[in-house]
Amino acid sequence: MPVFTRLRRPTRTTEPARTTETAEPVGTAEGNPRGEGHPPPPQEEETEERRGEKEETSKKLALHTLRTRCARLREEHPRAARAARWTLHGLAAALIVGALLLPNTAGALRPRQFTRIPAEAIIGAVLLLALPRRPRIVAAALYGAGIAVLTVLNVLDIGFNEYLGRGFNVVLDWGLLDDAQHYVEDSMGGAAATAAAVGAVVLALLLVVVMALAAVRLGNLLARHRTRTGRGALIAGTVWITCTSLGLQISGVPVASDRAAAALKVQSKRVRDTLRDEAAFEKVARTDPFAGTPSGRLLPDLRGKDVLITFIESYGRTALEDPVIAPGVTGTLDAGTESLAKAGFEARSGWLTSSTFGGSSWLGHSTALSGLWIDNQQRYRTATASDRLTLTKAFGKSGAWDTVGVVPGVQKGWPEAKWFGLDKVYDAFQLGYRGPKFSWSTMPDQYALEAFQRLEHGKKRDGGRNLMAEIILTSSHQPWAPLPEMVGWDELGDGSVFGPIQRAGKEPGTLMTDATKSRQEYGRSVEYSVTALTQWLERYGTDDTVLVFLGDHQPIARVSGLRASRDVPVTIVAKDPKVLDKVADWNWTEGLRPDEEAPVWRMDAFRNRFLKAYGSVPHPAGG
């Protein structure tokens, strides 16, 4: 019987664990190349270039991941992907074509305007088809960005035509955008103005980017279907030429369109004409028939009179002829004529054609007083930098009048006061007003006139000199909400009495989108200004008071209409019959309301006619 011996498995021997005291540190040290017994070396600091490489790699990885996911979605949902792709193509095409057909007036924004064939789209397609890939992408992006810029100019044209009755001038009108922001701030608050300005800038930049991307997308689509799109461009070009030759129209609108090219041509012409006008106007401004007239021969027939030249904001022909506005305004003028006649005053009225429309009041003021046609900001700068003899300056130069300006609409430095020849100026902060603003207008006209009486007209003057004042009334400035109301003249105080009236008035926003309400409230504002002025004259006028009042321009096109004239009423009022006898040959209408057939002069003719009527002798400089 075999004997089995049980073998025991040998046990594994383990090395005793090292104690903390005997453990060798890991690291490197001089003379120890393996680094045993020393700490690890510090890692090298990451460089800017290395970080940039990592970020670039991360971006590429994220983009690759996104593309992979999009490709997977397209594979999983081919119909939805195809529909989305062609929807984007359609939106891009609609955006480009719509921008090319966009008109520059609000009245032309009709669906039929966007059913035309734009020549610029056909030409753009042919150009992109002819280019290799990279030049095509660059050309498409520039093409789209250019269309976006032209779209912004068209939108500015719409706004300027709506409010000022003219298009936007890329050379002169950028400064007016700042004025527009201040107007919105005065009307709707600083937050709304800031939001509107920021929003407009963001939208403009976004439009440039989106339009460029849309053009690139369409350019790539055309390249992928080069043969078919080439034939389509040929057919579209043939149709466009045929429609142009035959004058084909749909609902009165030509089928063939070159709207974008025409808009670009108009903008280029404005720039060219503006640059040419500067030199020509400078020569005209230097020619002044009264520049050398001696002081003793200026306005001799008005010596001994206090003369007030008063501009009423937006007081235009529309106020006397529009069927919605006219009844109230003409009734106010007729009532004023009657009450002034009882006080011993007589009046003569006519028409002047203003150099501006809907706004830029300073252009109308300077045109009437300088005898120069100042219809843009460039001309205004040229004129005010010259030594032109303004009508107000002529009074001061004569030595017989002290000259003052009452300008409640001025809220900052006004260096032009020197050019106007005003010895003293009362702006928005110097009339003592402590009441509320009425939208853009810093104070009601009634208060401004009462302050003028207190500060200047009611005082005795030294040296036997009389007073000549230029007064700018602002209560009829848009947006015509809220509006002030007449209060007792003895109740005016510091203007706080107008607080409840202002709080009870309409909000500006309620009128901005409603043309009929705007017309109604505009009419009320003119009635208020005329009433304040005639009541002031009836209350404070003397035998030696001569009042000349006129409008600076018509109200905005939304109120007066796109095809309205630029005519404004002008009136001379005096007690002394000799004052009005001097202008008898002007054939103006008796009373405060000019007849429809009364003479119409250009506003720049007023200065010379007024100077001559009251005895001034023309004498050019050096003559």
Side-chain angles (χ1 to χ4, degrees), residues 163 182-189 192 310-316 318-320 322 324-333 335-336 358-359 361 406-409 411 428 431 433-451 471-489 491-536 549 551-556 558-560 568-569 592:
Y163 282 87
H182 289 308
Y183 164 69
V184 175
E185 182 177 349
D186 289 330
S187 302
M188 305 186 69
T310 304
F311 291 92
I312 297 180
E313 170 66 36
S314 301
Y315 178 39
T318 294
L320 282 71
D322 183 275
V324 173
I325 305 167
V329 174
T330 55
T332 299
L333 291 170
S361 301
V406 179
V407 286
Q411 303 180 60
L431 292 168
Y433 184 66
R434 298 293 181 269
K437 291 180 65 175
F438 284 78
S439 189
W440 185 91
S441 180
T442 59
M443 66 189 69
D445 292 342
Q446 185 185 9
Y447 179 89
L449 290 166
E450 178 67 20
I471 304 172
I472 312 297
L473 301 181
T474 62
S475 290
S476 50
H477 194 288
Q478 63 172 304
W480 310 300
L483 289 178
E485 297 175 2
M486 294 296 295
V487 300
W489 289 88
E491 300 173 7
L492 285 167
D494 65 357
S496 301
V497 67
F498 290 103
I501 297 174
Q502 189 264 358
R503 290 190 292 273
K506 294 181 172 64
E507 291 293 330
T510 62
L511 305 185
M512 287 187 173
T513 58
D514 192 320
T516 300
K517 287 184 179 178
S518 294
R519 290 158 70 195
Q520 291 171 343
E521 296 306 300
Y522 161 71
R524 288 185 58 216
S525 73
V526 172
E527 292 172 37
Y528 169 80
S529 294
V530 170
T531 299
L533 184 58
T534 54
Q535 283 193 13
W536 179 90
F549 73 93
D552 47 18
H553 54 71
Q554 284 265 56
I556 58 175
R558 183 160 49 88
V559 170
S560 57
V568 298
L592 302 182

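These numbers come from the heavy atoms of this one structure, side chains and all, not from hydrogens, waters or symmetry mates.
Taking 4.5 Å as the limit, some side-chain heavy atom of Leu320 sits within range of a side-chain heavy atom of Leu333. In this structure the side chain of Pro569 reaches within 4.5 angstrom of the side chain of Tyr315, judged on heavy atoms. In this structure, the side chains of Tyr522 and Ser560 stay at 4.5 Å or more apart for every pair of heavy atoms. For the pair Trp480 and Ser439, the minimum side-chain heavy-atom distance is 4.5 Å or more. Taking the side chain as every heavy atom from C-beta outward, Phe549 and Leu533 approach each other to under 4.5 Å. At least one side-chain heavy atom of Leu449 sits under 4.5 Å from a side-chain heavy atom of Leu473. Within the 4.5 Å cutoff, the side chain of Ser475 has no heavy atoms near those of the Phe438 side chain. Residues Glu313 and Asp552 form a side-chain contact, since some pair of their non-hydrogen atoms from C-beta on lies under 4.5 Å apart.
Annotation: the span from Ile312 atom CD1 to Ile472 atom CD1 amounts to 10.5 Å, rounded to 0.5 Å. Remark: Tyr528 OH to Met486 CE distance equals 6.0 Å, nearest 0.5 Å.
Pairing each heavy atom of Gly358 with each of Gln478, the nearest pair is O-NE2, 3.7 Å. In this structure, Gly336 and Leu592 approach most closely via the heavy-atom pair C-CD1, 3.7 Å.
Tested against Phe498, the residues Met443, Glu485, Gln446, Arg434 include a single side chain to side chain contact (heavy atoms under 4.5 Å, CB included) partner, Gln446.
Between the side chains of Thr474 and Ser441, a donor-acceptor pair is found at a separation under 3.5 Å.
The pair Glu521-Arg524 meets the salt-bridge criterion, with a side-chain N (NZ, NE, NH1 or NH2) lying under 4.0 Å from an Asp/Glu carboxylate O.
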